[in-house]
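Quick notes on the structure that follows.
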Amino acid sequence: DLQLMGWLLLPLALLAALDLWITYRDARQTATLVQQRMLLGAARMIGQQIEIQDGQPNAILPPAALELFASPHADRVYYRITLANGELLLGYPELPPPPKPPAPDEAVYFDAWQNQQAVHAVAFSQPVLSAPTQTTLLIEVAQTLVGRDALAGEIWRTALWRQLGLLTGVALLLGLGLRRGLRPVTGLRDQVLARQPGTLEPLPSRHLPTELAPLADAMNDYATRLDHHMSAHSRFIADAAHQLRTPLTVLAGFVETLQSLPLAPEQQQHYLGLMSVQASRMQTLVNDLLTLSQLEGSPRPAADRWVPLGPLLAQVEADARALSAGRHVLTVSGGAGVQLAGSHSELHSAINNLVSNAVRYTPEGGRIDVAWQALP
């Protein structure tokens with residue numbers, strides 16, 4: 001549940017981080033816009049207080065112009081009033097000029113440094129209409145950035161707490177929703193865990209949600225196929241055990257006979273031959289069991305690229321002659337220069353099983369011919 005909720009909350013957290021970055025950028029723009037409006041308002045107030053005395057403009061700094069910047073932050077305000085020719089009328093002479101002179105009644109905003117402090121400034125061109133000649137004043141007002149940065153930070157922190165609250169609420173709702181939505185899954189899990197080992201009864205799917213019904217049906221189908229496989233496996237083991245019991249009983253009887261009765265050499269050879277047949281039957285059954293174990297529990301051997309048929313048939317012939325013990329006429333022909341694509345061990349097992357069955361079920365003195373033919 002926690003992992004799923006984490007994957008659901010991760011994109012929401014990324015979107016929230018992106019929104020916070022956009023909010024921080026917008027907060028700085030908003031704070032800058034507020035500062036620019038205050039700077040322009042102060043510049044206009046100063047321009048409205050320009051008087052003409054003896055034909056020359058006289059600049060007076062109104063107190064209201066500086067009261068606009070009243071705040072709890074330790075900001076410094078700088079101003080300068082100059083004529084078009086650069087003559088200083090009032091203010092700080094070291095205040096930097098704007099990057100380009102503004103047109104009449106136009107404001108230019110710019111960043112600068114004053115007394116080793118970063119400031120944001122406005123340059124406003126104020127025409128003096130009451131002057132006998134056309135006169136234009138350049139009014140500059142600058143303020144340090146402490147208040148602006150504080151306002152931007154306050155706006156951003158408000159958005160941050162809002163985003164954190166939203167994420168917390170979404171996480172709580174997701175937790176409740178996942179707990180309720182995954183209740184059928186956890187119930188199905190508990191049913192599977194509560195089963196005894198080897199139980200293959202079908203899972204109840206009647207009251208499961210529509211989304212989980214196919215999963216339960218697939219598990220039931222797999223359990224059915226596994227039950228059939230295990231039943232066949234059990235029957236095979238039972239049959240193999242029964243078939244092993246018979247030759248073992250016969251061998252035990254023959255051994256007791258050989259041990260308890262004085263027999264002629266011909267009779268001994270007869271009993272030994274019968275014992276060899278029973279031992280061959282047991283060997284075949286054991287080989288079949290080993291083959292089944294390899295096919296079920298072990299990975300299949302890697303297929304050889306090409307297997308020569310001639311040496312393979314020679315091995316099969318040697319095994320068949322040992323099993324026949326001269327009771328059959330055995331001929332193996334062909335195979336020289338022929339190669340088969342596949343695994344040497346699997347091809348040998350397949351051909352050897354065929355020939356071994358022929359040896360076991362062909363009457364004594366019968367003829368067994370082993371040959372091959374390429375199919376078109």
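Values below: all heavy atoms of this structure, side chains included; hydrogens, waters and symmetry mates excluded. Since the model is a prediction, treat every value here as computed from it, not as a measurement.
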Same cluster for L138 and Y78 if Ile/Leu/Val/Met/Phe/Trp/Tyr side chains link at under 4.5 Å?
no

Nearest heavy atoms of A159 and T23, plus distance in Å:
CB-CG2, 3.3 Å

With sequence neighbours excluded, residues passing salt bridge (charged side-chain N to carboxylate O under 4.0 Å, His left out) with R225
D221

Hey, what do you get for OG1 (T158) to CD (Q163), rounding to the nearest 0.5 Å?
12.0 Å

With sequence neighbours left out, the residues meeting side-chain hydrogen bond (donor to acceptor under 3.5 Å, both in side chains) with H328 are S324

Smallest heavy-atom separation, S125 atom then T136 atom, equals OG-CG2, 3.0 Å

Going through the distances and angles, do L40 and F124 end up as a side-chain contact (heavy atoms from CB on, under 4.5 Å)?
CA-CA 7 Å; L40 181 59; F124 178 69; 4.0 Å; yes

Compare all side-chain heavy atoms of L137 with those of T82 and state whether any distance is below 4.5 angstrom.
no

Identify every side-chain donor-acceptor pair in residues 140-147 under 3.5 Å, counting partners at least two apart or on other chains, and give the distances.
from : atom 1 : to  : atom 2 : distance (Å)
E140 : OE2    : R80 : NE     : 3.2
E140 : OE2    : R80 : NH2    : 2.6
Q143 : OE1    : Q35 : NE2    : 3.0
T144 : OG1    : D75 : OD1    : 2.5
T144 : OG1    : R76 : N      : 2.9

For D19, all residues meeting salt bridge (charged side-chain N to carboxylate O under 4.0 Å, His left out), sequence neighbours excluded:
none

Using 0.5 Å steps for rounding, measure from the CD1 atom of I351 to the OG atom of S356.
11.5 Å

Do the side chains of L347 and L312 get nearer than 4.5 Å, heavy atoms only?
yes

Selection residues 149-168 - residue pairs positive for salt bridge (Lys or Arg N to Asp or Glu O under 4.0 Å), sequence neighbours left out
R28-D149

Contacts of N352 meeting side-chain hydrogen bond (donor to acceptor under 3.5 Å, both in side chains) (sequence neighbours excluded), chain-then-number -> none

Kindly give the cluster partners of L164, where membership spreads through any ILVMFWY side chain lying under 4.5 Å from a current member.
L20, Y24, W156, L160, W161

I want to check something: taking the side chain as every heavy atom from C-beta on, are V370 and L330 in contact at a cut-off of under 4.5 Å?
yes

Hey, could you give me the CE/NE2 distance between M38 and H120, rounded to the nearest 0.5 Å?
12.0 Å

Who pairs with L12 by side chain to side chain contact (heavy atoms under 4.5 Å, CB included), at least two apart in sequence or on another chain?
L9, L167, V170

Side-chain donor/acceptor pairs under 3.5 Å, residues 87-110, sequence neighbours excluded:
from : atom 1 : to   : atom 2 : distance (Å)
E94  : OE2    : Q114 : NE2    : 3.0
E106 : OE1    : A103 : N      : 2.7

Show which residues join L18 in its hydrophobic cluster (side-chain heavy-atom contacts under 4.5 Å, direct or indirect), or state none.
W21, I22

Which residues pass the side chain to side chain contact (heavy atoms under 4.5 Å, CB included) test with M45, sequence neighbours left out?
P62, A64, A65, L68

Would V122 and L33 show up in the same hydrophobic cluster when neighbours are defined by side-chain heavy atoms closer than 4.5 Å?
no

Quick one: are T331 and R367 in side-chain contact, heavy atoms under 4.5 Å?
yes

Considering residues at least two apart in sequence or located in another chain, which fulfil the salt bridge (charged side-chain N to carboxylate O under 4.0 Å, His left out) criterion with R44?
none

